[in-house]
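Predicted model, so just to flag it, every value in this text is computed and none were measured.
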Amino acid sequence: MKGWRRGGPRRGTETRFDEVEQRASTAIWEGTPATGPRNGSSNGSGRRLATALILAFVVALVTYPVLIPDVGWEPDQSWAAALHMAHRQGLVFGRDIVFTYGPLGWLTTATMFYENTGAVAIGIRFPILMAVAFVIWRRLRSLCSWPLALAGCVVLSWMIGSVLLIGGESPLLVLFAVLAPYLLRLATPDSTPLPRWIPAVLGAVGGVMLLVKFDVGLSLVAWTLFVVFAEAVLYRPGWRRVIASIAWSVDGFLSALIIGWLACGQPLGALMEWFSLSFNLFAGFNDAMARSGPAWELQLAFASMAGVVVLVRQRGVALETRRRRLLWLAVGASMFVFAKQAFLRHDSHSLRWWAFIGVAVLALVVRKTVATAAFLVVPSVIISGSVVGSLAFMDPAASVRSADRAFGQVTSGAERRQVRSWGRYILPKTYPLPPEIVAKIQGETLHIGPVRSVVSWIYPKTTWRPFPILQHYHGFTPRLDRWTADFVRGPKAPRFVLYEQFTIDGRIGRWDPPETMVALICQYRFVTGSDVWQLFERRTKSACGTRRRIDAVDSRLGEELFTPLGDDNEMVVGAFSGAAFSPGVISRIRSLVTRPAITEVSVLDDPKRHRFIVGTAGQDHLLVLPACLRDQLGGFDSATMRSLTFQRGARRSGAGFVGTYDAITYDCDAG
């Protein structure tokens, strides 16, 4: 390679991979045998391929996810039901709905809500697992003896494939399928320039995946641009070739995105609005959804980072300078992205990091570092099992039974109908509704908030007409909150809203999101409810009337802020703005690199500290309900918030802000 001859190995180092090691490193990318030519190589290659396929089939079978034995009737399947219902009803993304998943997101949710989409989503699981096992086996067999390769294939196939399927993160498998080979390519001293069509294909994959899961699609687009940049640095093809590669990747991306969008039945005119709203949701996720987790997992994550650094250093010894720097850049950026995604919201999202460790090991390990790789993989597998609550590969019989059930549901219409019937039988017991609510919603348009969209599927005589944000706690930017509130006030809003007393991260339910909940109280009247569910019916006209400013108060974080009261027929709302809720450049950079500081609020007489979403601080927050509503709303939070104390971390005082309070006249008898 020109770059190798020009730059040579690092000064003071004579080490270079031998020929066998080079072939082993490129086997996963080029598909060549790692052990070199043999007599009868054609027959030998055919036998090895057949063996790899058979072994991949068996490994996929014994590592098939067992946490979903009847394909999806778990307590938190509402987002999956929503994606299937949105596809079936032809909802327009960007006009009717926005979520972290796109119009193809239902492919990732192996649930039998509907026979056609359910069968497809379930059917693609086994081939994906088989492909993962096939690649892992080919890579490991080039590095070690077959018993070790077989054991490693089972363990890594479960950790990278099955665990991500269990966690609904199957789009990451596509990202890994692009990431791993190029990391391996950068770590290989001798290689040739990529074919010209590769950037176009990578761009097209990014476009399709954007329609499946937005953040994965963005990651693929960024990785595609990195590949074009790296090839330009390594081979210096000239600016015309670089521009052509960028143009091809952009063409591939746009072509796949537009064709895929239209194939999903989405109108072309809604594409840019969907992209803009989805990016707004993506950008707001960092500040609104951060959550701490167990310290021991973070400590092990840092240790695994050190292990990856060791692998990169070992591979970099034999590389010329430019390739070595690109390898460090690629691995460093990948570690940052996956660590950020995994430990920003430190719950089951941490599976992303441990799956990445498996991919990094496959891409970077050589024979000399197999022991180091094992020390990385073993704790990663144990932690992954603790997160998902299962070490499925240790019970292959359960996996085989689960795969058999899935096969039956894909191939048998009778079995699909049986599973759906079981779901409609068991889910009402999971989410029991009072009989009077069931009677009211039959035959009507209905939204279920803040998250349990699956309830509409349980009662098929209702027409699901959701608020644009599928899960209320995703309305964490002013634009998303205002967009949803406008829908609630508009003519397309459903007749009934079924609201559940449910929050995440200790948030205040009636502020989640704030302006949307104010619009709900204005546009809907309370009908009936229990301690869990409340049913609201749309009014013919809004109950909210004139608005007047009643106070504006300067305050600081840590100080108690008293709420001014309006008249009995008025609703009081508060908005909060200023330095405390507008972080500066340094704070933004720090929160981007690490985890943002969490702002909390305490309400008078309530010792609990609630999570406060800074992004929507300037929106209307419902503080005091009119007198006629306080005793009507049943289980709905109707308490008067007489004072608020905002805090960030353990500090007793902090930046200043202004609380502005408005009183809105309210007619309980309207409409």
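- Test L129, L164, V388 against P65 for side chain to side chain contact (heavy atoms under 4.5 Å, CB included) and you get one pass: L129.
- The aromatic rings of F279 and F214 sit perpendicular to each other, their planes meeting at more than 60°, with 30° as the lower class boundary.
- Using modelled atom types, one finds a donor on one side chain and an acceptor on the other under 3.5 Å when comparing W353 with S304.
- Under the 3.5 Å distance criterion, with hydrogens and angles disregarded, a donor-acceptor pair is assigned to the side chains of S278 and W274.
- Between the side chains of S245 and E231, no donor-acceptor pair is found at a separation under 3.5 Å.
- Using bins of under 30°, 30° to 60° and over 60° for the plane-to-plane angle, the ring pair W223/Y182 lands in the perpendicular bin.
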Problem - Test log, rule side chain to side chain contact (heavy atoms under 4.5 Å, CB included), inputs F57 and F126 - result: CA-CA 9 Å; F57 176 86; F126 193 84; 3.5 Å; yes
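- For the atom pair CZ (F229) and CD1 (I246), the distance works out to 11.0 Å, reported to the nearest 0.5 Å.
- Looking at heavy atoms from C-beta onward, S162 lies out of side-chain contact with Y64 at the 4.5 angstrom threshold.
- Between F356 and F176, the ring planes lie tilted relative to each other; the angle falls in the 30° to 60° range.
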Practice task
Begin from the C-alpha positions of L194 and R185 and carry the test side chain to side chain contact (heavy atoms under 4.5 Å, CB included) through to its verdict.
Solution key: CA-CA 10 Å; L194 287 176; R185 173 180 170 81; 3.7 Å; yes
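- Nearest heavy atoms, S170 versus L165: CB-CD2, 3.4 Å.
- To the nearest 0.5 Å, atom SG of residue C144 and atom CZ of residue R139 are 10.0 Å apart.
- By the 4.5 Å heavy-atom criterion applied to side chains, L281 and T100 are counted as neighbours.
- To the nearest 0.5 Å, atom CD1 of residue I160 and atom OG1 of residue T63 are 11.0 Å apart.
- How far CG of L592 is from CG of L344: 10.0 Å, rounded to the nearest 0.5 Å.
- Atom CD of E320 sits about 10.0 Å away from atom CZ of R325, to the nearest 0.5 Å.
- For the 3.5 Å distance criterion, the side chains of T51 and R48 fail to qualify, holding no donor opposite an acceptor.
- Looking only at side-chain heavy atoms (C-beta outward), L257 and L211 come within less than 4.5 Å of each other.
- When L210, T224, I258 are each tested for a side chain to side chain contact (heavy atoms under 4.5 Å, CB included) with F253, only one passes: L210.
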Exercise for the section: Could you walk me through whether L156 and L140 pass side chain to side chain contact (heavy atoms under 4.5 Å, CB included), step by step? Expected result: CA-CA 10 Å; L156 284 172; L140 291 180; 4.2 Å; yes
